[in-house]
Amino acid sequence: MPELPEVEVTRLRIAPLLEGRTVAEVHTTRRSLVFLTPPTTLRRRLSGRTFRALARRGKYLVATLDDASRLVLHLGMTGQLFSSEAVSPRLLSVASRSALAPEEQRRFRPDLHTHLRLCFEDGGPEVLFRDARKFGKVLLLGPSERSERLDRLGIEALDLSGEALFRASRRRKLAIKSLLMDQSVVAGSGNIYSDEALFLAGVRPTRRAGRITRRECDRIAEGIQRVMRRSIETGGASISDFIGPDGRDGGYQDERRVYAREGERCHRCGGRIRRVVIGQRSTHFCPGCQR
DNA sequence: ACCGCACCCTGAGCGC
DNA sequence: TGCGCTCAGGGTGCGG
């Protein structure tokens, strides 16, 4: 669920907890699909390093260290990156929460899903990476090492122009929704913001990409930028597992026009929002407003 | 080359 | 109350 806005909100809030701080200890879970770099290597190579800048590329966070190596994180579906001082009822699963006394339920304690825990020499707040579903990724790149994952990303969604989208969509037969979800075309766009942008553009998500007009591409690109910028302003969309690094929920879920609103009224025309499946993903649109 | 689809994983929510 | 089922979907990789 974390898409570009949620990752950007995470970056803005977690950067102060990384930049300029030196790693004292690294705790990890056992080797799993989450670790593209083995946990033993992570522990060895991160210890004693100081974080410089925290950047974002698409849905990836890229933290540069003082030896020019880079720690790359992807939140997947259920990944959470946050401070040990965060307070939120979402930091634990419903099941593990209910076993605790009420006053303990909002405080986080590392559990079996806490794959990475960074402790710092200054003894301040720790930085934690938790992901129950294990769709997230942790990767450490050497100083000049390249990553195919990062290299194949397309245009940043916040920089997308109608012209670029028009060019990328020519002769493509897949649904426009699927094209928007393709990270090698538009980096950072996922299920929620693709549906929302297509609603703003008045374009039905099932339309073949190659049939979208230049004018419609302008509206889609404009729509993506608008929904994403607004979401970043409101702290992201806290649908399912996303929380801010400080535990705060986002507010964008309250501004959804179509996503997860099947059967509800369209705010614009009053018609019923419909749900279809495109490329294994649930897709929402208003039949009256989107042609 | 392009596209659709199965798969990785676990928790929430639902029906019985 | 509790079990078993379905669903959620970002990204990868394979088969047609």
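In what follows, chains are A, B, ... by sequence order, proteins preceding strands, each numbered from 1. All values reported here derive from a predicted model rather than from experimental measurement.
Under the 3.5 Å distance criterion, the side-chain polar atoms of A:Arg21 are matched with a main-chain donor or acceptor of A:Leu17.
Considering only the side chain of A:Ala132, B:dG11 comes nearest among B:dG11, C:dT12, B:dC9. Of the listed nucleotides (C:dG11, B:dC8, B:dT10), B:dC8 has the atom at the smallest distance from the side chain of A:Leu33. When each of C:dG10, C:dA8, B:dG11 is scored by its nearest atom to the side-chain atoms of A:Asn191, the top-ranked nucleotide is C:dG10. Relative to the side chain of A:Ser282, the nucleotides B:dC9, C:dA8, C:dG10 differ in distance, and C:dA8 lies closest.
Under 4.0 angstrom from either OP1 or OP2 of C:dG10 there lies no side-chain N or O belonging to A:Lys59. Here A:His113 does not reach the OP1 or OP2 of B:dC9: none of its side-chain N or O atoms lies under 4.0 Å away. Taking side-chain N and O atoms only, A:Gln183 has no distance below 4.0 Å to OP1 or OP2 of C:dG10. Note on A:Gln280: a side-chain N or O is less than 4.0 Å away from OP1 or OP2 of B:dA6.
In the interface, the side chain of A:Arg281 is paired with the base of C:dG10 through a donor and an acceptor atom under 3.5 Å apart. Applying the 3.5 Å distance criterion, the base of C:dA8 shares a donor-acceptor pair with the side chain of A:Arg133.
If you measure from atom CG of A:Asp182 to atom P of B:dC5, you get 16 Å, rounded to the nearest angstrom. Rounded to a whole Å, the CG atom of A:Leu150 is 15 Å from the C1' atom of C:dT12. For the pair A:Asp195 CG and C:dG10 P, the interatomic distance rounds to 10 Å; values are reported in whole Å. A straight line from CG of A:Leu180 to P of C:dG11 spans 14 Å, rounded to a whole angstrom. Distance, A:Phe35 CZ to B:dC8 C1': 16 Å, rounded to whole Å. One can place CG of A:Leu4 at 16 Å from C1' of C:dG11, the figure rounded to the nearest angstrom. Taking atom CG on A:Asp131 and atom C1' on B:dC8, their separation rounds to 12 Å, with Å as the unit. If you measure from atom OH of A:Tyr60 to atom P of C:dT12, you get 5 Å, rounded to the nearest angstrom.
Summary of the strand contacts: A:Gly279 and A:Lys134 both lie near DNA chain B, and taking for each the nucleotide with the nearest heavy atom, the more 5' one is attributed to A:Gly279.
Within a 6.0 Å radius of CZ in A:Arg214, more than 12 heavy atoms belonging to other residues, nucleotides or ligands are found.
For the residue pair A:Thr28 / A:Arg43, a side-chain donor-acceptor distance below 3.5 Å is found, with atom types taken as modelled. Counted by atom type alone, A:Lys177 and A:Ser194 present zero donor-acceptor pairs between their side chains at under 3.5 Å.
Within 4.0 Å of A:Arg208, counting heavy atoms only, lies no atom of the nucleic acid at all.
Using the six-membered ring where Trp is involved, A:His115 and A:Phe35 have ring planes that are perpendicular, over 60° apart on the 30 and 60° scheme.
B:dA12 is paired with C:dT6 under the Watson-Crick or G-U wobble criterion, all donor-acceptor distances under 3.5 Å.
Across residues 167-174 of chain A, A:Arg172, A:Lys173, A:Leu174 each have a non-hydrogen atom less than 4.0 Å from an atom of DNA chain B (numbered order).
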**OP:** Give the C-alpha distance, both sets of side-chain angles, the deciding distance and a yes or no for side chain to side chain donor-acceptor pair (under 3.5 Å) between A:Gln183 and A:Tyr60.
**Re:** CA-CA 11 Å; A:Gln183 300 300 297; A:Tyr60 289 87; over 6 Å; no
Original post:
Should A:Arg229 and A:Glu233 be marked as a salt bridge (Lys or Arg N to Asp or Glu O under 4.0 Å) after you check the CA-CA gap, both sets of side-chain angles, and the distance that decides it?
Top reply: CA-CA 6 Å; A:Arg229 289 186 200 285; A:Glu233 275 175 24; over 6 Å; no
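Geometrically, A:Arg261 does not engage A:Tyr259 in a cation-pi contact defined by less than 6.0 Å to the ring centre and at most 45° from the axis.
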